[in-house]
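Throughout, a chain's letter reflects where its sequence line sits, starting with A, and its residues are numbered from 1. Note that the structure is predicted; figures quoted are calculated from it, not measured.
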Protein chains: 4
Amino acid sequence: MSPRTPEQFEEIRESRREQIMETALKVFASEGYANSSISKLAEAAGISKGLMYNYFNSKEELLKEILEKGMKEILNLTDPDRDGIITPSELDEFIRKTFRIMRRKQEFWILYFNIILQPKVRESLKGTSVLTGTEEYFSMLMKYFESNGFEDPVLEVLTITSMIEGLGVLMLYAYPVMTIPETVLLKFEERVLKMIKQPEHE
Amino acid sequence: MSPRTPEQFEEIRESRREQIMETALKVFASEGYANSSISKLAEAAGISKGLMYNYFNSKEELLKEILEKGMKEILNLTDPDRDGIITPSELDEFIRKTFRIMRRKQEFWILYFNIILQPKVRESLKGTSVLTGTEEYFSMLMKYFESNGFEDPVLEVLTITSMIEGLGVLMLYAYPVMTIPETVLLKFEERVLKMIKQPEHE
Amino acid sequence: MSPRTPEQFEEIRESRREQIMETALKVFASEGYANSSISKLAEAAGISKGLMYNYFNSKEELLKEILEKGMKEILNLTDPDRDGIITPSELDEFIRKTFRIMRRKQEFWILYFNIILQPKVRESLKGTSVLTGTEEYFSMLMKYFESNGFEDPVLEVLTITSMIEGLGVLMLYAYPVMTIPETVLLKFEERVLKMIKQPEHE
Amino acid sequence: MSPRTPEQFEEIRESRREQIMETALKVFASEGYANSSISKLAEAAGISKGLMYNYFNSKEELLKEILEKGMKEILNLTDPDRDGIITPSELDEFIRKTFRIMRRKQEFWILYFNIILQPKVRESLKGTSVLTGTEEYFSMLMKYFESNGFEDPVLEVLTITSMIEGLGVLMLYAYPVMTIPETVLLKFEERVLKMIKQPEHE
DNA sequence: AATGAATGAGCTTTCATTCAT
DNA sequence: TATGAATGAAAGCTCATTCAT
């Protein structure tokens with residue numbers, strides 16, 4: 001039993017942080033940020049209230065880190081080389097990946113929309129990668145449409161993103177009236193892809 | 001000097017209620033429901049905390065009434081005869097009205113999405129016209145596409161509503177990076193309308 | 001239709017006051033003084049909150065008047081000539097009347113005990129006939145036993161009054177385990193009476 | 001420096017709970033339940049308002065626990081083997097113990113009568129040992145008189161309990177007019193005892 | 001590193017009382 | 001005389017955060 005090295009400590013610490021963030025995201029998404037007390041979060045993570053503050057300085061910091069981490073993952077997936085540029089050959093994959101993330105990270109989206117829709121709260125996120133990440137995403141699309149000769153790039157970005165975000169919102173409150181079958185989701189994705197390539201339908 | 005008549009009291013009550021609901025909607029939308037304390041709401045309405053409870057039994061009831069009123073207004077506009085049926089000749093106007101409402105009632109939509117995205121809160125709205133109203137809206141579109149020979153009605157509903165709701169969400173967080181010009185909004189609307197009529201592009 | 005005379009006005013006022021006091025007593029007894037809001041009391045009396053203050057300056061004054069009135073009625077019944085003296089020939093009737101009142105004015109007793117058992121509240125009643133009335137009652141009995149050669153007057157007063165008040169309390173929370181039949185009540189009364197006359201059983 | 005053990009925490013909790021319950025009983029008894037705000041109770045216990053809720057979920061729960069604890073102590077003393085049965089040889093001691101408790105636990109009795117006399121409040125105590133304890137007490141006496149050949153057991157129970165409870169009430173509002181000397185109390189106790197054994201005086 | 005006792009600010013809500021009409 | 005809208009103080013309660021151990 002040799003004593004743990006500093007690296008090992010750091011590793012343990014990091015995995016604890018991740019575990020807390022994961023369980024906290026679940027609670028935030030289902031109860032809402034304001035209704036998720038530190039007690040609840042600690043219990044969900046299986047640790048004590050006090051220890052929470054060993055890992056995060058405040059509830060707000062915890063929230064920010066969760067949002068930043070999620071946003072980073074998304075950008076890493078959609079723009080792996082982080083050059084902020086999409087080439088025509090990458091576009092298809094870009095859209096497909098976005099849809100895949102929408103489906104996989106539902107909890108993150110619920111939280112994201114909740115926070116982003118509260119102007120006063122959103123302000124406190126200024127400068128964090130949560131907002132810059134979103135801007136980056138839009139900006140990548142803008143550049144693509146601009147540099148590929150589309151007549152009205154803003155309209156194209158709006159079309160794409162509204163369909164993506166709209167789908168996100170719809171999936172988030174899956175009404176009994178209309179649960180979306182997987183096959184329809186795939187067709188919907190294709191429809192979006194086609195739209196990008198054939199703006200000449202106008 | 002003579003005491004107020006019941007009619008006068010009724011008048012006072014009605015106008016106060018409206019005033020409270022209007023100012024509360026603004027506060028809810030900008031601060032978030034949970035961050036909008038009764039104190040804040042009362043101050044925004046220019047009255048005392050205590051008086052709030054003369055008009056609404058609880059903060060939750062106030063929320064519900066605001067949501068129900070907003071939803072009712074929307075349905076009244078989009079489906080004036082309340083028969084739940086859209087004819088082909090009505091469809092265009094239906095979509096246009098929806099967009100108009102999206103633009104006009106931004107505060108309502110912010111609140112609506114915030115609430116609807118919190119599963120625990122949403123449950124408390126079961127049975128209210130907030131949820132049934134949404135279902136009704138979807139159902140009207142479903143019936144339209146079903147009875148007008150569209151190959152995959154769910155896909156059509158999904159396309160339309162995701163574009164509408166997506167636009168809603170995008171407008172709600174009008175980023176500096178991309179504020180949507182009025183002209184683009186109108187083109188976007190036309191694009192949605194065209195999409196409904198020409199699903200043969202598949 | 002001749003206009004009402006001042007006397008008639010006074011009469012109407014007085015009967016209103018009585019009505020308010022009667023209904024308030026019922027509410028106080030069943031809900032407790034603190035849980036009986038002015039709103040409840042006004043509704044029970046069939047008038048508006050504001051009008052309550054036309055008849056009573058405060059909730060506390062209303063309480064005091066109810067207690068004083070009740071106490072006065074009791075003393076009027078048990079000591080009609082108000083000379084504070086019981087003769088041997090009057091004693092029987094005195095006790096019997098006390099029991100009769102216990103049975104008839106249960107609501108009053110509930111309220112009385114509730115108030116009297118709260119030292120801080122009781123202090124605010126100092127000087128009112130509620131406290132002096134009780135003292136007067138005890139004092140009458142003391143004088144009787146003193147001037148009729150009883151060995152230990154305090155013991156006699158204690159015996160009598162504890163049986164009376166004990167019965168009062170017991171009747172007030174009529175347990176399912178032991179509801180007191182009328183016949184037993186009468187026998188109990190007789191037993192009390194006998195005890196007064198035959199202290200020689202010691 | 002080493003963190004507290006679970007045992008230490010348990011110890012802290014237990015002693016704090018007791019401390020709170022003890023001071024709360026005093027305040028309840030002198031101010032009345034409704035007038036005893038959590039602030040007052042916390043101040044009396046020398047702790048913060050918030051901490052009260054670490055130990056009791058609500059003011060009502062605190063009340064219940066105080067009442068239940070008191071009732072349990074009483075039954076433990078009067079019926080140590082908890083068989084619900086009094087033998088003739090035990091009766092004397094049973095009564096004496098009851099009187100001793102009346103004298104020692106005055107604060108408890110004040111609170112008890114206050115609560116029990118409010119029908120609405122009493123209902124919330126249904127099923128708790130506060131009510132069942134009282135029933136048990138009556139029931140023990142009933143069984144005793146029934147199985148020992150007394151002509152009218154209810155009358156006997158009524159006599160005993162009214163004297164006991166009556167004394168209780170009287171002691172609770174120790175009037176200046178008539179404070180009860182210890183010697184009289186003892187004589188009174190003897191009188192009650194004699195009465196049980198010689199119902200043939202009828 | 002880890003616990004949960006402890007605090008205090010702020011929340012929702014109630015209610016005696018006042019007041020314009 | 002009569003109403004109920006309006007106020008403000010104080011109630012019960014929650015919770016992010018701190019701290020002794």
Rounded to whole Å, please give me the gap between CD1 in A:I47 and C1' in E:dT3.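 Computing the A:I47:CD1 to E:dT3:C1' distance gives 11 Å.
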Within a strict 4.5 Å, meaning less than it, do heavy atoms of the C:K126 and C:E123 side chains meet?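 A side-chain contact exists here, since the closest heavy-atom pair is under 4.5 Å.
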Taking any heavy-atom pair under 4.0 Å as a contact, classify A:L51: base, sugar-phosphate, or nothing.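 Counting heavy atoms under 4.0 Å across all strands, the contact made by A:L51 includes a base.
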Nearest to the C:Y53 side chain among E:dT18, E:dT21, F:dT1, which nucleotide is it?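 Between E:dT18, E:dT21, F:dT1, the one nearest the side chain of C:Y53 would be E:dT18.
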For F:dT14, which nucleotide is its Watson-Crick or G-U wobble mate, given both distances must be under 3.5 Å?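 Answer to the pairing question: E:dA9, which forms a Watson-Crick or G-U pair with F:dT14.
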When all nucleic acid strands are considered with a 4.0 Å heavy-atom cut-off, which category describes D:T5: base, sugar-phosphate, or nothing?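 Result for D:T5 = nothing.
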Short side-chain N/O contact from D:N54 to OP1 or OP2 of E:dA5, under 4.0 Å: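 Answer is yes, contact under 4.0 Å.
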Rounded to whole angstroms, how far apart are CD on D:E11 and P on E:dA5?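 It works out to 13 Å between those atoms.
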With respect to the phosphate group of F:dT1, does any side-chain polar atom (N or O) of C:R13 fall under 4.0 Å of OP1 or OP2?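 Result: yes.
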Do C:L172 and D:I116 come within less than 4.5 Å of each other through their side chains, counting heavy atoms only?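 No, every pair of side-chain atoms sits at 4.5 Å or beyond.
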Which nucleotide, in any strand shown, forms a Watson-Crick or G-U wobble pair with F:dG8, with both distances under 3.5 Å?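 F:dG8 is paired, partner E:dC15.
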Scan every strand shown for a Watson-Crick or G-U wobble partner of F:dA2, both distances under 3.5 Å, and answer none if you come up empty.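 Checking every strand shown, F:dA2 finds its partner in E:dT21, with both distances under 3.5 Å.
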Remember a base hit wins even if backbone is also touched, and classify C:S37 as base, sugar-phosphate or nothing at under 4.0 Å, heavy atoms.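 Here C:S37 touches the backbone only, sparing every base.
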Which comes earlier along DNA chain F counting from the 5' end, the contact point of A:N35 or that of B:R4, where each point is its nearest nucleotide?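 First, find each residue's nearest nucleotide; the 5'-ward one identifies B:R4.
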Is there side-chain contact between B:E60 and B:Y33, with heavy atoms separated by less than 4.5 Å?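 The answer is yes, as the side chains (C-beta and beyond) meet within the 4.5 Å cut-off.
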Which part of the nucleic acid, if any, lies within reach of C:Y55 when heavy atoms closer than 4.0 Å are counted: base, sugar-phosphate only, or nothing?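 Sugar-phosphate only.
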Out of D:L41, D:I47, D:L51, which residue meets the side chain to side chain contact (heavy atoms under 4.5 Å, CB included) rule with D:I20?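 For D:I20, the side chain to side chain contact (heavy atoms under 4.5 Å, CB included) check succeeds only for D:I47.
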Look at A:R16 and E:dA1 and indicate whether a side-chain polar atom (N or O) is within less than 4.0 Å of OP1 or OP2.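 It does not, given that no N or O in the side chain of A:R16 lies less than 4.0 Å from OP1 or OP2 of E:dA1.
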Just call it for C:K49: base, sugar-phosphate, or nothing, with non-hydrogen atoms closer than 4.0 Å on any strand.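 Result for C:K49 = base.
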In terms of relative ring orientation, are B:Y112 and B:F108 parallel, tilted or perpendicular, with 30° and 60° separating the classes?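 The rings of B:Y112 and B:F108 lie parallel, inter-plane angle below 30°.
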How long is the line joining CD of D:E43 and P of F:dA11, in whole Å?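 From D:E43 CD to F:dA11 P: 11 Å.
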Need to verify one output field. Residue with the more 5' nearest nucleotide on DNA chain E, A:G46 or B:S36?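 Nearest-nucleotide comparison on DNA chain E picks A:G46.
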